[in-house]
Amino acid sequence: MTLVELLNIWPGAPLLSAFFWITITVFMLYLARTPAHRSIYSLSRVIHNGLRLLARSTRMAAEGVRTRNRDVLFNLGKESTERIIEREFQRVDDVIQRDLSSYPMLQRSMADQIVRMDEDYQKSAELPPPVPAWVDAITALGKISSKDASVAAILEQIHKTINSQHKGVLDEYRRVSSDRHGILNKMMPLWRRLTETLEQASKRFTGLNERAQVIDHRIQEYQEIQAQSDKAERMLTSSAATQFFIAGFVLMIATGGAIINFNLIALPMSEMVGGGSYIGAFKTSDVAALVIILVELAMGLYLMESLRITRLFPIIGQMDDRTRRRMIWITFTILFIMAGVEASLAFMRDRLAADMQALRQSLADVEVVATANNWIPTVGQMVMGFILPFALAFVAIPLESFVHAARTVLGGVFAALLNALAFVFRLTGNVARYGGELGVNLYDLAIFPSLWIERLVLEKRRPPEETEPAEPGPMAEETS
Amino acid sequence: MKKILLIALMGILVLNAGCADTTSRARSVFMLLDTSGTYKAEIDKARAIINYLLGTFEPGDSMAVARIDSGSFSEKDIVAKVTFDRRPSVATEQKRLFKTKVDRFITQSKGSAHTDITGGVVQAVQYLNETGAGQKYILIFSDLEEDLAKGHVRDFPLEMAGCQAIALNVTKLRSDNVDPRDYFKRVEGWKKRIEDGGGSWRLLNDLERLDRILET
């Protein structure tokens, strides 16, 4: 007997049977109404509370991530600004060492020049011509009458003497003036030298002043970061995002270089490690070529670290100068050797490719044609093989920026994702809560005949004064 | 620093030592060329197939070319065989030498009175198993019409496990034109023998698509 046959109480009257079962179901649901309501409410409350708790935890986690990001951001910013300030101070130190260490000498030179100029100036001071004593005598003689011939002769003689003396004094005056002009003329180069010296000193001081302004600006930034202000946070975040994209772009370019490098050495590597062996799904020669490129990258990283251009490995930066210099030479030598090996591999690649091409042509019964200047690609490949390892060494710089910026950018993205997740949890929790109320209402809607009958029965049982309870209106509420 | 250098060096040494899987990917091909009177005219086409295959082989692969004559189960019938060196430059030189041998054979080959395909297939299976290659192919360049010399016994089951037999350029005989069922019966007969022996069977008459030959 099937379930349908079992439910079909009155064969031939399916509607009646259906009505019967619906009535039974509604009645049963009516009986279970209170516990069912409680269950629905409990379920919705459990979901709501659980999700609310989850949302709060997620929000707290997001807040934790944000705080951590902020700390990292400020630390990185602080470190970066410290480096810049340190570098600026080094420049100032260089300027002082280079230019201002000779300042006492410069000062002495200037003082000497000034003394000499002063002496010359003293020498060139123009003295008023001496007042001749004979002026009084002439005044006295002027009062003597010249009508007497002998007096006239004497006066004539005196006139001649005065004229000749006047000429002599004038000549002497001109000679002395000429000497003074000569002295002043000699002062000209001294003045010029002094001007040049002063200009040099001025330039040096201007450069120093500019550096001081930059340091001042950086110190202000540093103070902002130290104070963990919002402005500093915005500035650092924006800077990190820019760095992230720029460094990412440069890394993509470097990846392109690495791929070209890989293609240059993969084929000839098969000559060394065998062309038919595999590691997993990859050819051993390809893996070996990749390892060589990665080792070159690693050497580049160590070189940059040793040169203190990057600071990915603090232990290298903390080494004493002697060990660090030794490491610079070692890494550079390895890099140089590898570049040489790559150049050789590139040469070998060219020969192998040419040989294979010749074989293919002979297999296809095509006449092999020798091309002119076929050494150009060979040399080009060798040069590329030599240059690329060194070029890849500089990947360390964008890599450092990328790693630092990625920490901030990805941290921000992660925090945003956590916030979004918290929102989704909260939303779902609220949906569950109101869904529970909706479920209760739908439950009542499904058993509305029972509820209707219940209301009718209750109304009949109620005393007449209770059948229509006086509902207090708004005014009544206000009064109460 | 020393440690890093040591690790890098060890890595390269390990790669050099060939810890990798060297056999499973290697391919081994044994090509049987029918030199019987009716089919000898087709043998020039085989040269194009061999040249194509030589161009696709990689270091570590193996190839052999043997003729199908009156009694093919013999080392004397192997025209050329080679396992390509792991170094590409040496492999290229081996390919040149192989091509020269095959060219000489094709120029100087003479027609045989009988056609012992089964003997050639048995010889091919033996050679392929010896190479230890991961992929084993037997290329049968023939019309598949077996014509055994008197006294030769070839009606035994073949042991073809792991081998793919590919019949190339199976030409129609004059009798096939009279009754095409003979052709289908012949091809089906060989298919059954190969598959019963544990091998797989393919028929490839379109020699314009040589890239399909070694498809797995």
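Counting heavy-atom neighbours within 6.0 Å of A:Phe386 CZ, excluding the residue itself, gives a total above 12. Heavy-atom contacts from other residues, nucleotides or ligands closer than 6.0 Å to CZ of A:Phe394 number 12 or fewer. Within a 6.0 Å sphere centred on NZ of B:Lys99, heavy atoms belonging to other residues, nucleotides or ligands number more than 12. Environment of CD in B:Glu159: sparse, with no more than 12 heavy atoms of neighbouring residues, nucleotides or ligands closer than 6.0 Å.
Listed by chain and residue number, A:Glu400 satisfy the salt bridge (Lys or Arg N to Asp or Glu O under 4.0 Å) test with A:Arg83 (two or more places apart in sequence, or in another chain). In this view, A:Arg349 satisfies the salt bridge (Lys or Arg N to Asp or Glu O under 4.0 Å) rule with no residue, not counting sequence neighbours.
Taking each heavy atom of A:Glu271 and B:Arg87 in turn, the nearest pair found is O-CG, 3.3 Å. Taking each heavy atom of B:Thr92 and A:Met356 in turn, the nearest pair found is OG1-CG, 4.0 Å. Of all the heavy atoms in A:Met272 and B:Arg86, the pair that sits closest is O-NH2, 3.9 Å.
Residue pairs meeting the side-chain hydrogen bond (donor to acceptor under 3.5 Å, both in side chains) criterion with at least one member in residues 382-394 of chain A, sequence neighbours excluded, do not occur.
With chain A as the partner, the residue from B:Ala91, B:Pro59, B:Gly55, B:Pro88 showing the most heavy-atom pairs under 4.5 Å is B:Pro88.
With respect to the salt-bridge test (charged N to carboxylate O, under 4.0 angstrom), the residues A:Asp355 and B:Arg96 qualify.
Residue contact with chain B, scored on non-hydrogen atoms closer than 4.5 Å, involves the side chain of A:Leu352 exclusively. Contact annotation for A:Ala281: both backbone and side-chain heavy atoms come within less than 4.5 Å of a heavy atom of chain B.
Remark: A:Met348 CE to B:Ser89 OG distance equals 8.0 Å, nearest 0.5 Å.
Residues of residues 117-124 of chain B lying under 4.5 angstrom from chain A, judged on non-hydrogen atoms, do not exist.
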